[in-house]
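Here's the structure we're looking at; comments come further down.
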Amino acid sequence: MSEKLLVPDIGEFEKVEVIELLVKVGDKINLNDAVVTIESDKSSVEIPSTISGTIDSVNVKVGDKVSKGDLLLNISSSKKVSIEKIIPKDTENIIKEAEIILKNKKKIIQQKPVKKEQQIIVNENDIDPLETQDWIESLSVVLEKDGNQRAHFLIKELINKAYKEGANIPYTQNTPYINTIPPEAETKSTGDQNIERRIRSLIRWNAAAMVVRANKKFPELGGHIGTFASAATLYDVGMNHFWRAKNNKFGGDLVYFQGHSAPGIYARAFLEGRLNEKQLDSFRQEVKPGGLSSYPHPWLMPKFWQFPTVSMGLGPMLAIYQARYMKYLINRGLIKDEGRKVWAFLGDGEMDEPESLGAIGLAAREKLDNLIFVVNCNLQRLDGPVRGNGKIIQELEGSFRGAGWNVIKVIWGSYWDSLIANDKTGLLVKVMNETVDGEYQAMKARNGLYVRENFFGKYPETKELVSSLSDKDIWRLNRGGHDPHKVYAAYDKASKNQGSPTVILAKTIKGYGMGKTGESVNTTHQTKKLDVEDLLYYRDRFDVPLTDEQVKNIQYFKPEDNSSEIKYIKERRINLGGFIPERTTYSKPIKVPPKNIFDFMKKSTGDKQMSTTMALVRMLTNLLRDKNVAPKLVPIIPDEARTFGMEGFFQKIGIYAHEGQKYEPEDSKQLSSYREDKKGQVLEEGINEAGAMSSWIAAATSYTNHDIEMIPIYIFYSMFGFQRTGDLAWAAGDSQARGFLIGATAGRTTLAGEGLQHQDGHSHLIASTIPNCVSYDPTFHYELAVIFREGLRRMHEKNENIFYYITTMNENYVHPAIPKDKNCEEGILKGMYKIKEFNKFKKIKIQLLGSGTILREMLAGAEILQNEYQIDSEIWSVTSFNELRKDGMEAERYNLLNQDKKQKVSYVEQCLGKTEGPIMAASDYMRMNSDQIRPFINKSFYSLGTDGYGRSDTRKNLRNFFEVDKEHIVAYGLSVLAKEQLIATKYMKQAIKKYNIDINKPMPTKL
Ligand SMILES: Cc1ncc(C[n+]2csc(CCOP(=O)(O)OP(=O)(O)O)c2C)c(N)n1
Ligand SMILES: [Mg+2]
């Protein structure tokens, strides 16, 4: 039976043009196969079939205008499915997951609490301690009888009741200032603690020695001892017991090391036999090959470091999106779920960066239980205390708990266990709660007696608690982050946590073991020199087996290969699959689509006007039909899909949502309805450019971190790209990211109405600062096609470690066919090619260089110059001033260094060297954009550009204001020719008058 396939609901659009027929009579098609592409002035979208069967007739042709309900095809059907039914709801999966959670919950409920001795908490605000005691006892009974979950439920009910009755007092997000894991619930390490301590001491020593030696030789080199000194145990426990390396059987855990702890990571690699003394002695001396970079920089040590972290705040954010991206790959079926984890080590001072906490909500929302943050709470940053008057651990606990994270506080070491157990009055915990970080820091800069008097001495009961301890014993009361048992238990619990990310807040001492020069003092961070006395103290503190003489010479210490320490350290890593960090790549290149895939973009669009943004979306739609490329595309959008005409992607490839779609979208009947899916391909990041950029980096480095080459395409308002997230773009370069950044709605005058904050006249200049970023500002759709395909080839087939920045615009215009010249494509890629020549009068000539939308003003201006002033011109489409500059610099450098050899001719010179007349260049960017090539050509060179703040107005008025419209091009062109004494000045004056150009108007930069 023949069925009719009609145009579905296409929202507010009517009479939309059919631009492609994807099927013909006789074709057999399946449900959901795309049959026709339609295009409004904003976007193009494929219409899927709701019927499987054989096509009897095609009732539309390319160019037809269709609306909802129009007949597209007649199909002899096998079965028909309504639009509603084809929206995958993932319901089954949701139910399954809910059942699993319920089961887990039951398990948790069954866990019996550990019985604890009663404590009477004394609180001066308590007006009725007996009543309080009653309540506490009731709670204890519930805890004992029915467990944590029931107790939690009852407390929640009480709070709800109080809230309903009007007791609107916020309840604290904090727990007491003690460890989250009670001693009796700690999982014990299976490691040999004596050997581990010896190994840790050697790593500490070698890390410090490395910094001190470098600075002895060259005091300008700098370096840090204090950060790693505080974090050594945190790293060692992970390295010895938890972090599994990548190998042929396992994808590997991903560890983001805190930037300033790099010396410690090198010191461990030294003991592991991965680095030698010579390399340690090249710390921070990288100009000669083989040096060790100051901080984690994959660009500089591509086989070692995986993640750049030293710009504070980027590590936490990148780690969150890395963990999310890992789940995305798993849910899309692209990698196996092997229980891999992402660990991020962060400084407590670093947590003040807005980026550090900015994405923690997402991590909880997406239930990233593959993510573990370890915040090294040494209570200090660079200048002084992180929270002198408060408590950073409590503050962070509140923020993370509030966001829905699993929080594990590791505050006190094992020596405190018995004191806390004996604290029958609760006063010790009260002192712990009341003492501020400034005091905690000061105590560790002093001695045991000071702690006895100023900490325990706050109440007679707490003083009594330590009466039998010597000052030395008191001094030995350690902090949780330096206690391998406590750290092990926390890591173990974090690794097993399900359903939420975990943060471990570990209390440590900055400069631990450094003694009077560097331990817990405000200047610790900057300490990079230790005198002999300090070094001897450090050796003794950690029992490093070096003689005084060896200490004075600051010698490294590495035991023999067959020593128990070296055997142990290697064996631990073998058990965990290999070394960490290590950067390797085993991904397969992607076969790029055939050259003709974009041929449709090399033809003229005829009368049809479109923007380059729309051309890009068309191109991506085509790419999604290529079976090699399609699954690898990762479109990333920060809440702007509709701005860019990409809403068609929602239905076609779905929006990634880890829980599928739990609701029927409001627009479910429409063709481009909002479809979320567990297997969705689009990363819709919401209004979050930094997050989107972090996602892009995760996908763009997928080839090394997950051994799968992906093609991320992040599309954003060009003004909210490099300008907004420039530091992430820099980190992307360092990470050797491969992928596309698309700065849409680009140009200072092209994005008309949006005004000052939106109009971008400089993103290309910022892009040019990143050495491995290749950027283009194309005007016509064939340029975009050539550039994009080459990007695919270079990055994803040839695996060059570069990334592309391409601007696209939202101005609609007609696109011509690609010029016949066989060198055109090469010119497009190199940065310029001749697009047109006016050669009628053969008297006076000018070279006009235009980029982006302003190329069209150049073409129009050239026509006026020809028709009204008999001036010939050659017009060059400059697709990339940045690429031209790179080539020019290289040629110039070579020539200066090789004056006796055949001189190189820059590409700019090759194009323009033999041409006639002065050069005038313009773009929709600041003059500096086109001025970049000025040094590489020995001719008069003038540039026009959009220097100054943007503002809202029509394109025409804006181009007039910034003097980049065709009228100004004519007037300035005539003036340039007059200045070069090729024509009389009167023509310029005529043009100024004719076009009402106000020569007294100030520079737009001053307006
Ligand atoms: C974005 C950024 N701003 C400033 C710095 C300079 N800086 C380096 S370390 C540091 C202090 C770090 O303190 P914290 O995060 O507590 O680390 P710690 O060394 O105490 O573990 C500062 C301000 C930086 N690296 N990055
Ligand atoms: Mg700190």
Side-chain angles (χ1 to χ4, degrees), residues 204 207-208 211 221-235 238 256-265 284 293-297 305 307-319 343-358 373-388 390-396 399 410-411 436-438 440-442 444-445 479-482 487 503-514 518-528 690 693-694 724-731 734:
R204 285 178 183 285
V211 177
L221 292 179
H224 303 88
I225 305 171
T227 301
F228 180 72
S230 67
T233 308
L234 301 176
Y235 286 119
Y256 288 70
F257 292 97
Q258 200 187 338
H260 296 77
S261 60
I265 313 305
R284 293 192 170 219
S293 62
S294 48
Y295 303 115
H297 293 301
W305 293 117
F307 308 107
T309 49
V310 78
S311 178
M312 314 245 116
L314 299 193
M317 186 135 198
L318 290 169
W343 292 72
F345 280 77
L346 320 165
D348 48 358
E350 179 177 16
M351 297 314 287
D352 275 346
E353 291 284 2
E355 290 90 342
S356 300
L357 291 171
F373 271 15
V374 182
V375 187
N376 175 15
C377 297
N378 55 26
L379 314 187
Q380 288 176 242
R381 45 183 162 79
L382 194 153
D383 285 339
V386 175
R387 291 288 181 275
K391 287 233 246 304
I392 187 65
I393 291 183
Q394 298 301 85
E395 187 182 319
L396 291 175
S399 302
V410 184
I411 302 178
V436 293
D437 281 356
Y440 279 119
Q441 184 198 336
K444 281 299 176 189
R479 289 197 177 160
H482 295 300
V487 174
V503 60
I504 294 168
L505 302 171
K507 186 165 172 164
T508 61
I509 298 165
K510 192 144 178 168
Y512 184 62
M514 284 167 73
E519 189 154 347
S520 208
V521 295
N522 278 337
T523 51
T524 304
H525 191 83
Q526 304 290 59
T527 308
K528 49 188 183 266
M693 192 67 189
S694 303
R724 177 85 188 208
T725 60
D727 205 10
L728 281 164
W730 188 251
D734 188 352

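The figures here come from the full heavy-atom set of this structure, side chains too, leaving out hydrogens, waters and symmetry mates. When a ligand or atom number is given, it counts from 1 through the structure's own listing order. In this chain, numbering begins with 1 at the start of the sequence shown.
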Does [X] bring an N, O or S atom to under 2.8 Å of the Mg ion (ligand 2)?
X: Ser230; value: no
X: Asn376; value: no
X: Asp348; value: yes

With heavy-atom distances below 4.0 Å as the criterion, list the atoms of ligand 1 near [X].
X: Asn376; result: 21 (O)
X: Val310; result: 24 (C), 25 (N), 26 (N)
X: Glu353; result: 1 (C), 2 (C), 3 (N)

Fill in the blank from the handout: So for Lys510 against ligand 1, with non-hydrogen atoms under 4.0 Å, the contacting part is side chain

[X], any N or O under 3.5 Å of ligand 1 N or O:
X: Asn378; value: yes
X: Asp348; value: yes
X: Leu382; value: no
X: Val386; value: no

Practice task
Examine ligand 1 and decide if any of its atoms is less than 4.0 Å from a heavy atom belonging to Met351.
Solution key: no

Exercise for the section: Would you please determine whether Ser311 falls within less than 4.0 Å of ligand 1 on a heavy-atom basis? Expected result: yes

Practice task
Only one of Glu350, Arg381, Met351, Lys510 passes side-chain contact (heavy atoms from CB on, under 4.5 Å) with Val386; say which it is.
Solution key: Arg381

Problem - Partner of Asp348 under side-chain contact (heavy atoms from CB on, under 4.5 Å), chosen from Ile393, Asn376, Asn378 - result: Asn378

Is [Y] close to [X] at the side-chain level, that is, under 4.5 Å between some pair of heavy atoms?
X: Leu318; Y: Tyr256; answer: yes
X: Tyr440; Y: Arg479; answer: yes
X: Val521; Y: Gln380; answer: no

Practice task
Give me the ring orientation class for Phe257 and Tyr235: parallel if the planes are under 30° apart, tilted from 30 to 60°, perpendicular past 60°.
Solution key: tilted

Grab the two heavy atoms, one from [X] and one from [Y], that are nearest each other, plus how far apart they are.
X: Met312; Y: His260; value: CE-CE1, 3.5 Å
X: Phe373; Y: Ala319; value: CE1-CB, 4.3 Å
X: Arg204; Y: His482; value: NH2-ND1, 4.3 Å
X: Trp305; Y: Tyr295; value: NE1-O, 3.8 Å

Considering non-hydrogen atoms of the protein only, which is the closest contact for [atom], and what is the distance?
atom: atom 14 (P) of ligand 1; answer: Gly349 N, 3.6 Å
atom: atom 12 (C) of ligand 1; answer: Met312 SD, 3.9 Å
atom: atom 19 (O) of ligand 1; answer: Thr227 OG1, 2.6 Å

Problem - Sub-4.0 Å protein heavy atom next to atom 24 (C) of ligand 1 - result: yes

Exercise for the section: For Asp352 and Arg387, run salt bridge (Lys or Arg N to Asp or Glu O under 4.0 Å): C-alpha distance rounded to whole Å, both residues' side-chain angles, the deciding distance at 0.1 Å, then the answer. Expected result: CA-CA 10 Å; Asp352 275 346; Arg387 291 288 181 275; 2.6 Å; yes

Problem - Nearest-option assignment for atom 17 (O) of ligand 1, heavy atoms, candidates Glu350, His260, Arg381, Gln258 - result: Gln258

